[in-house]
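What follows is one structure encoded as structure tokens, with my remarks underneath.
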Amino acid sequence: MIQTSLQSLSGKRIVLGIGGGIAAYKCADLSRRLIERGAQIRVVMTHAAKKFITPLTMQAVSGHPVLKSLLDLGAETAMDHIEIAKWADFVLLAPATADLIARIAAGMGNDLLTTIYLATDAPVAFAPGMNQQMYRAIATQENIATLSRRGHPIWGPASGKQACGDIGIGRMLEPLQLVALIENYFIDTDLSGLSLLITAGPTREAIDPVRYLSNHSSGKMGYAIAEAASKRGARVTLVSGPVNLPTPANVNRINVQSAEEMHVVVQQHAGVHQIFVACAAVADFKPATMANQKMKKKDGHDEITLSLTKNPDILASVAAMTDNRPFTVGFAAETQDVEQYARDKLAKKNLNLICANDVSQQEQGCDSDQNTLHLYWPNGDKILPLASKVNIGHQLVGEIVLLFHGDK
Ligand code: PMT
């Protein structure tokens, strides 16, 4: 059993190029945050950067020797500028000082960082950080415009009080803001070409025209999965029971009420999606008959008997498809013997993956903002510890994609 934390940048190779500005001190925290998310970091510092934060500090937080000089023949473990330019998946220059921006805009290669810029074909983003007057200078603005025209993301700067006492625009963005921008950069489109069909929310099983049987599912978990997959570029169809949530961007949402309706829509779409995720809390039973008129209380009758009949098992019917069967992921909402029931469902329904959701705790499961899942697949398992449903959605999509591609 593996414990995990959010590894949104797992395996990503990031060169952090530090310029000589006071905000360089934030780069220690920035490195730590990137590493926490699974990134591999190599730090390159300009000569001036070393005056603001020591290479020793950056070596300690990044776990690797800091690269400082173009002609550092003594550094056996260090890569040269061509090697590191090829190694990088992404380069972030932070703080990008007026001087660094000017030298790069002019195409100079007079230190290690500028030569890496010239030699890499990885995306390079700039996080400007400098005095507000220097930032507003026409020369700096023209240089930034040049970088923008070349297609480089320019992240920030922010406004506020500056180290020199000035107030204005020029503060480098905070480490967590930069991390979020890098995460967004990587999650943009890596799942384009993949299609997911997801069910979410409760179903309503009509008793009469005004009453129904249902459950407490809010749809938050299923919507978070849909949003996470869509944000990464996947084509997503969301078959939703009645919920009070906005449709995530770029998601094709089909509204249904009952299990029967959900079954019909899923049958229509399952064969043209590569992955099916059954997150909906589908009612197992429905009233055997629906009264045409509102049922009335009858004098002298203190009890009423409802006869229930079984709904179709949507998940099982998809898992049993023989043509164009999608990779099939189920959920198991349980209040006891969670692992046993989940493993039984995995085997009985012939699923590729099941997400066991212990719904006996109030802070997780139905209608909560947080969740924890225990994933089981035929030859492994993994816990996604308590986190927001948005976060769990991202992690789960990551795990599903790895299993789908046979990488686990
Ligand atoms: O919507 P939220 O408030 O965010 O809450 C999320 C959740 C708790 C509803 C969700 O995480 C969850 O656990 N969903 C599955 C709920 C459920 O119905 O579990 P189950 O163990 O009864 O069903 C097993 C699986 O079969 C599920 O994938 C379910 O979608 C599917 N099923 C069940 C019955 C049925 N007739 N058809 C089905 O497809």
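Order of appearance sets the numbers: ligands from 1, and atoms from 1 within every ligand. When reading the values below, keep in mind they use all heavy atoms of this one structure, side chains included, and skip hydrogens, waters and symmetry mates. Residue numbers start at 1 and run along the sequence shown.
- At a 3.5 angstrom cut-off on N or O pairs, Asp367 counts as close to ligand 1.
- Close N/O approach between Ala281 and ligand 1 is not found [any backbone or side-chain N/O within under 3.5 Å].
- Looking at Val359 next to ligand 1, no N or O pair under 3.5 Å apart turns up.
- The parts of Ala278 lying near ligand 1 are both backbone and side chain, judged by heavy-atom distances below 4.0 Å.
- No side-chain heavy atom of Glu227 sits under 4.5 Å from any side-chain heavy atom of Val251.
- Around atom CZ of Phe90, more than 12 heavy atoms belonging to other residues, nucleotides or ligands sit under 6.0 Å away.
- A 6.0 Å sphere centred on CD of Glu363 holds more than 12 heavy atoms belonging to other residues, nucleotides or ligands.
- Judged purely by atom type and a 3.5 angstrom limit, Ser388 has no side-chain atom pairing as donor or acceptor with the backbone of Gln370.
- By the 6.0 Å contact criterion, CG on Asp302 is open, its count of non-hydrogen atoms from other residues, nucleotides or ligands being 12 or less.
- Here atom 8 (C) of ligand 1 lies nearest to Asn357 when heavy atoms of Asn357, Leu351, Asp284 are compared.
- Here's the thing with Lys389: one of its N/O atoms is less than 3.5 angstrom from an N/O atom of ligand 1.
- Applying the 4.0 Å criterion to heavy atoms of Ala332 picks out, from ligand 1, the atoms 21 (O).
- In summary, of the residues considered (Ile18, Leu67, Ile41), a side chain to side chain contact (heavy atoms under 4.5 Å, CB included) with Met58 occurs for Ile18 alone.
- Put simply, the side chain of Glu205 gets close to the backbone of Ala259: a donor and an acceptor are under 3.5 Å apart.
- The side chain of Lys349, and not its backbone, has at least one atom closer than 4.0 Å to an atom of ligand 1 (non-hydrogen atoms only; side chain from C-beta on).
- Looking at His216 next to ligand 1, no N or O pair under 3.5 Å apart turns up.
- Close approach of ligand 1 to Met221 (heavy-atom distance below 4.0 Å) involves ligand atoms 4 (O), 6 (C), 11 (O).
- Side-chain contact between Gln141 and Ile138 is absent, with no heavy-atom pair separated by less than 4.5 Å.
- Counting heavy atoms closer than 4.0 Å to ligand 1, residue Pro312 contributes backbone atoms (N, CA, C, O) but none from C-beta onward.
- An N or O contact shorter than 3.5 Å links Ala333 to ligand 1 by distance.
- Without hydrogens or angle criteria, Gln364 side chain to Asp358 main chain gives a donor-acceptor distance under 3.5 Å.
- Of the N and O atoms on the side chains of Ser240 and Tyr223, at least one donor lies less than 3.5 Å from an acceptor on the other residue.
- Considering backbone and side-chain N/O atoms, Leu315 comes within less than 3.5 Å of an N/O atom of ligand 1.
- Closest to atom 23 (O) of ligand 1, if we only count protein heavy atoms, is Phe331 O, 3.9 Å.
- Taking atom 30 (O) of ligand 1 as the reference point, the nearest protein heavy-atom neighbour is Ala280 O, 2.6 Å.
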